[in-house]
Amino acid sequence: MNIKQLAAEKAVDWVEDGMTVGLGTGSTAVYAIRKIGELVQQGMRIQAVATSEESEKLARELSIPILPFAEVGTIDLTIDGADEVDPDLNLIKGGGGALLREKIVAARSRQVMIVAGENKVVKRLGEFPLPVEVVTFAHEWTIQKLESLGCTPVLRKTDSGEVFITDNGNYTVDCHFNEILNPARMHRQLNDIPGVVDNGLFIGLASAVVVAYNSGTIEVKRAGQ
């Protein structure tokens, strides 16, 4: 069992009968979804909300009941991965292309459990390129404004060279900052740019981070500790 799977399955320990659960997106979240599927097949009764079409497809294959967003009140627990985690549990997310839905689901959740290998834990955010979701209209102008914040913006493309399209029909720009000194301020500056839908800085949304170390040990870091 690799460390991502170890951490993801540990996070699933927080899932309880009767919960509404948010399902994250990405390689780490897949392990959590598969483990939740096992619990459902063993008789656990939950409902789920998926943060991407990819995660929803997997959940349905595993017989996890999926709720339409319009029928969701409050989500009890969301389990998701992250591309970077700082000491204050601020995150960079969106490497998997689902940052907007992930942020909406996180904001509706009572608890957000982030799963990460030790390589994702950093002293300062920014080495991982920050994903920013932008509308397609006049995206060239939006990219120019992103560059004015001090980054090198790169329009995300697929392996075949086509522009990557999010589940919401938008583009993703990966902003290379190297370091982000004030994540909360950067979050505001990015979202003030016309054409930006949202960005991959998750500020104050994580309740806890389950960190898996290469040694096989697990540590749970909680907000405010």
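In what follows, every heavy atom counts, from backbone to side chain, and hydrogens, waters and symmetry copies are set aside.
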Check: Less than 4.0 Å between a side-chain N and a carboxylate O, is that true for Arg45 and Asp17?
Finding: yes
Note to self: Could you work out, with side chain to side chain contact (heavy atoms under 4.5 Å, CB included) as the rule, every residue matching Thr74, not counting sequence neighbours?
What the structure shows: Arg110
Item checked: Donor-acceptor under 3.5 Å (Asp174 side chain, Arg156 main chain) -> no
Next item on the list: For Glu179, enumerate each residue passing the salt bridge (Lys or Arg N to Asp or Glu O under 4.0 Å) test, keeping only those at least two apart in sequence or located in another chain.
Entry: Arg124
Margin query: Side-chain heavy atoms nearer than 4.5 Å, only ILVMFWY residues, links allowed to pass through others: does that put Ile143 and Leu100 together?
Written below: no
Next item on the list: Indicate, with yes or no, if Ile203 and Val121 share a hydrophobic cluster defined by side-chain heavy-atom contacts under 4.5 Å among Ile, Leu, Val, Met, Phe, Trp and Tyr.
Entry: no
Next item on the list: Please answer: with hydrophobic residues joined when any side-chain heavy atoms are less than 4.5 Å apart, are Ile165 and Val135 in the same cluster?
Entry: no
Next item on the list: Give a yes or no answer on whether the side chain of Lys93 reaches the backbone of Gly81 with a donor-acceptor pair at less than 3.5 Å.
Entry: yes
Next item on the list: Please name the pair of heavy atoms, one in Ala48 and one in Leu23, separated by the smallest distance, quoted to 0.1 Å.
Entry: CB-CD1, 3.7 Å
Notebook entry, point to check: Which other residues end up in the same hydrophobic cluster as Val154, if Ile, Leu, Val, Met, Phe, Trp and Tyr are linked when side-chain heavy atoms come under 4.5 Å apart?
Noted result: none
Checklist line | No-hydrogen, no-angle side-chain donor-acceptor test under 3.5 Å, Gln5 and Glu9 | finding: yes
Note to self: Test: ring-ring contact (aromatic ring centres under 6.0 Å, His included). Region: residues 164-202. Which pairs qualify, not counting sequence neighbours?
What the structure shows: His139-Tyr171
Next item on the list: Measure across Gly94 and Leu99 and return the closest heavy-atom pair with its distance rounded to 0.1 Å.
Entry: CA-CB, 3.8 Å
Next item on the list: Could you name each residue pair satisfying side-chain hydrogen bond (donor to acceptor under 3.5 Å, both in side chains) that touches residues 204-213, not counting sequence neighbours?
Entry: Tyr213-Glu219
Item checked: Side-chain donor/acceptor of Asn90 to backbone N/O of Gly204, under 3.5 Å -> yes
Next item on the list: Output all residues satisfying side chain to side chain contact (heavy atoms under 4.5 Å, CB included) with Glu127, sequence neighbours left out; order by chain, then residue number.
Entry: Glu84
Notebook entry, point to check: Yes or no on side chain to side chain contact (heavy atoms under 4.5 Å, CB included) for Leu91 and Leu205, after CA distance, side-chain angles and deciding distance?
Noted result: CA-CA 9 Å; Leu91 318 170; Leu205 288 173; 5.8 Å; no
Check: Taking the side chain from Asn170 and the backbone from Val197, do they hold a donor-acceptor pair closer than 3.5 Å?
Finding: no
Check: So, do Val210 and Met113 sit near enough that their side-chain heavy atoms are less than 4.5 Å apart?
Finding: yes
Item checked: Minimum heavy-atom distance between Leu146 and Cys175, given as atom pair plus value -> CD1-SG, 4.1 Å
Notebook entry, point to check: Looking only at heavy atoms, which two atoms of Ala116 and Val209 are closest? And how far apart?
Noted result: CB-CG1, 4.3 Å
Check residues 27-37 and write down every donor-acceptor pair under 3.5 Å in which the side-chain atom is one partner and the other belongs to a residue at least two apart or another chain.
residue, atom, partner, partner atom, Å
Ser27, OG, Lys4, NZ, 2.7
Tyr31, OH, Asn2, ND2, 2.8

Note to self: If hydrophobic clusters are built from ILVMFWY residues whose side chains come within less than 4.5 Å, do Ile79 and Val220 share one?
What the structure shows: yes
Next item on the list: Would you please test Glu118 and Asn214 for side chain to side chain donor-acceptor pair (under 3.5 Å) and show each step?
Entry: CA-CA 7 Å; Glu118 63 176 305; Asn214 291 325; 3.0 Å; yes
Margin query: Is there a continuous path of hydrophobic side-chain contacts, each under 4.5 Å between heavy atoms, that joins Val134 to Val163?
Written below: yes
Check: Is there a donor-acceptor contact under 3.5 Å linking the side chains of Thr166 and Glu133?
Finding: yes
Next item on the list: Each residue besides Ile75 in its hydrophobic cluster should be listed here, by chain and number; the cluster joins Ile, Leu, Val, Met, Phe, Trp and Tyr at side-chain heavy-atom distances under 4.5 Å.
Entry: Val49, Leu67, Phe69, Val72, Val105
Item checked: Atom CD of Glu162 with >12 non-hydrogen neighbours under 6.0 angstrom -> no
Item checked: Shortest non-hydrogen contact from Asp83 toward Gly95 -> OD2-N, 2.9 Å
Notebook entry, point to check: Step by step, would you call Leu201 with Leu125 a side chain to side chain contact (heavy atoms under 4.5 Å, CB included)?
Noted result: CA-CA 9 Å; Leu201 287 169; Leu125 300 178; 3.9 Å; yes
Next item on the list: Please report the C-alpha distance between Leu130 and Leu190 in whole Å, then the side-chain angles of each, then the deciding distance to 0.1 Å, and finally whether the side chain to side chain contact (heavy atoms under 4.5 Å, CB included) criterion is met.
Entry: CA-CA 11 Å; Leu130 175 64; Leu190 288 165; 3.4 Å; yes
Check: What is the minimum heavy-atom distance between Ala7 and Val115, and which atoms define it?
Finding: CB-CG1, 3.3 Å
Checklist line | Residue list, side chain to side chain donor-acceptor pair (under 3.5 Å) with Glu56, at least two apart or on another chain | finding: Arg60
Next item on the list: Tell me, with the steps shown, if Ile218 and Val211 meet side chain to side chain contact (heavy atoms under 4.5 Å, CB included).
Entry: CA-CA 6 Å; Ile218 295 284; Val211 182; over 6 Å; no
Next item on the list: State which residues pass side chain to side chain contact (heavy atoms under 4.5 Å, CB included) with Glu16; sequence neighbours excluded, sorted by chain then number.
Entry: Met19
Note to self: I'd like to check the side chain to side chain contact (heavy atoms under 4.5 Å, CB included) partners of Asp159; sequence neighbours left out, ordered by chain and number.
What the structure shows: none
Check: In the hydrophobic clustering that connects Ile, Leu, Val, Met, Phe, Trp and Tyr at side-chain heavy-atom distances below 4.5 Å, which members other than Leu181 occupy its cluster, ordered by chain and number?
Finding: none
Margin query: Between Ser52 (side chain only) and Ser55 (backbone N and O only), is there a donor and an acceptor less than 3.5 Å apart?
Written below: yes
Margin query: Please check if the number of heavy atoms outside Lys103 that lie under 6.0 Å from its NZ is greater than 12.
Written below: yes
Item checked: From Val196, Thr142, Asn199, Leu155, residue fulfilling side chain to side chain contact (heavy atoms under 4.5 Å, CB included) relative to Val173 -> Leu155
Check: With distance as the sole test, does Thr172 use its side chain to make a donor-acceptor pair with the main-chain N or O of Gly97 at under 3.5 Å?
Finding: no
